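Read the structure below first, then the notes.
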Amino acid sequence: MKDLEREFEEMVRKNRGTIYTVCYMFSNDQDEVADLFQEVLINLWKSLPSFEGRSDVRSWVYRVSLNVCISLDHKKRRHKTVPLTMDINPYEETETNRNSRQMDMLRQRIAKLGQFDRAIILLWLENMSYEEIAAIMGITVKNVSVRLYRIKEKLKNMSND
């Protein structure tokens, strides 16, 4: 049991940025991101004994993270929440806010995509190769290429309304 715990801790330490990124792409509420992160960790722990190592650990972590966030996203859509406070002034013009607003606009556009396309663009933004994306998503490399082209075109033509 101790070996499994050490293996899990090491895996989480190496992949926590990946897990956080996936969770962040499915919510902009910090508390909800923390809940998603925790849910991913629970699912990783439960499924670690059955991980056979046929794929890269990072790919497996992405797959589990995406599956958890997608399934919880379905449930969340049934129950809309409204944030109660806003900690920053979005109209104050600083370099940090300008970059933050651009990232928020990109996130808003990505959030409008279907879940499959959202997952593909997220993996691409994480600098994963087309081969890695194909393995994680269960599609061909050619399909990844075509879908990414179409997704990028959609994002360019979207508004943030």
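Computed from a predicted model, the values in this text were never measured in an experiment.
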Exercise. Is the side chain of N143 donor-acceptor paired with the backbone N or O of I139 at a distance under 3.5 Å, no angle test?
Worked result: no
Exercise. How far apart are the closest heavy atoms of V141 and A134, and which atoms are they?
Worked result: N-CB, 3.8 Å
Problem set entry | Pairwise distance CZ(R147) to CG(L113) - rounded to 0.5 angstrom | 11.0 Å
Exercise. Below 4.5 Å, heavy atoms only, C-beta onward: do E132 and R58 meet side chain to side chain?
Worked result: yes
Seminar exercise, completed: Output for pair (L155 CG, M105 CE), nearest 0.5 Å, gives 11.5 Å
Exercise. Any donor-acceptor pair under 3.5 Å linking the side chain of R107 with the backbone of Y24?
Worked result: yes
Problem set entry | E10 and K14 ion-paired at < 4.0 Å | yes
For this session: State plainly whether one hydrophobic cluster holds both W60 and W45, where clusters connect Ile, Leu, Val, Met, Phe, Trp and Tyr through side-chain heavy atoms under 4.5 angstrom apart.
Result: yes
Seminar exercise, completed: Heavy-atom nearest pair, R118 first then A111, reads NH2-O, 3.7 Å
Problem set entry | Derivation and outcome, side-chain contact (heavy atoms from CB on, under 4.5 Å), residues L41 and V12 | CA-CA 8 Å; L41 291 181; V12 170; 3.7 Å; yes
Exercise. For the atom pair OG (S65) and CG (L44), what is the distance rounded to the nearest 0.5 Å?
Worked result: 5.5 Å
For this session: Give a yes or no on whether a salt bridge exists between R150 and D117, defined as a side-chain N under 4.0 angstrom from a carboxylate O.
Result: no
Problem set entry | From M137 atom CE to L66 atom CG, the distance as rounded to the nearest 0.5 Å | 6.0 Å
Exercise. Does the side chain of I70 come within less than 4.5 Å of F116's, by heavy atoms?
Worked result: no
Exercise. Are V33 and F26 close enough, and set up right, to give a side-chain contact (heavy atoms from CB on, under 4.5 Å), and what steps lead you there?
Worked result: CA-CA 8 Å; V33 169; F26 282 85; over 6 Å; no
Seminar exercise, completed: Interatomic distance, CD@E131 vs OG@S59, rounded to 0.5 Å, equals 11.5 Å
For this session: Keeping to residues at least two apart or across chains, list the salt bridge (Lys or Arg N to Asp or Glu O under 4.0 Å) pairs with something in residues 35-48.
Result: none
Exercise. Aromatic rings Y20 and F37: how do their planes relate, parallel, tilted or perpendicular, breaks at 30° and 60°?
Worked result: tilted
Exercise. Linking I/L/V/M/F/W/Y whenever any side-chain heavy atoms sit under 4.5 Å apart, do V40 and V57 land together?
Worked result: yes
Side-chain polar contacts of residues 120-128 - donor-acceptor pairs under 3.5 angstrom, sequence neighbours left out - could you list them?
| from | atom 1 | to | atom 2 | distance (Å) |
| --- | --- | --- | --- | --- |
| E126 | OE1 | Y62 | OH | 3.2 |

For this session: In plain terms, say whether E153 and K156 are close enough for a salt bridge, that is, a side-chain N and a carboxylate O under 4.0 Å apart.
Result: yes
Exercise. Okay, side chain of S47, backbone of N43: is any donor-acceptor separation there less than 3.5 Å?
Worked result: yes
Exercise. Between CD of E9 and CG of L4, what distance do you get to the nearest 0.5 Å?
Worked result: 10.5 Å
Problem set entry | Check: D29 side chain, E32 main-chain N or O, donor-acceptor pair, under 3.5 Å | yes
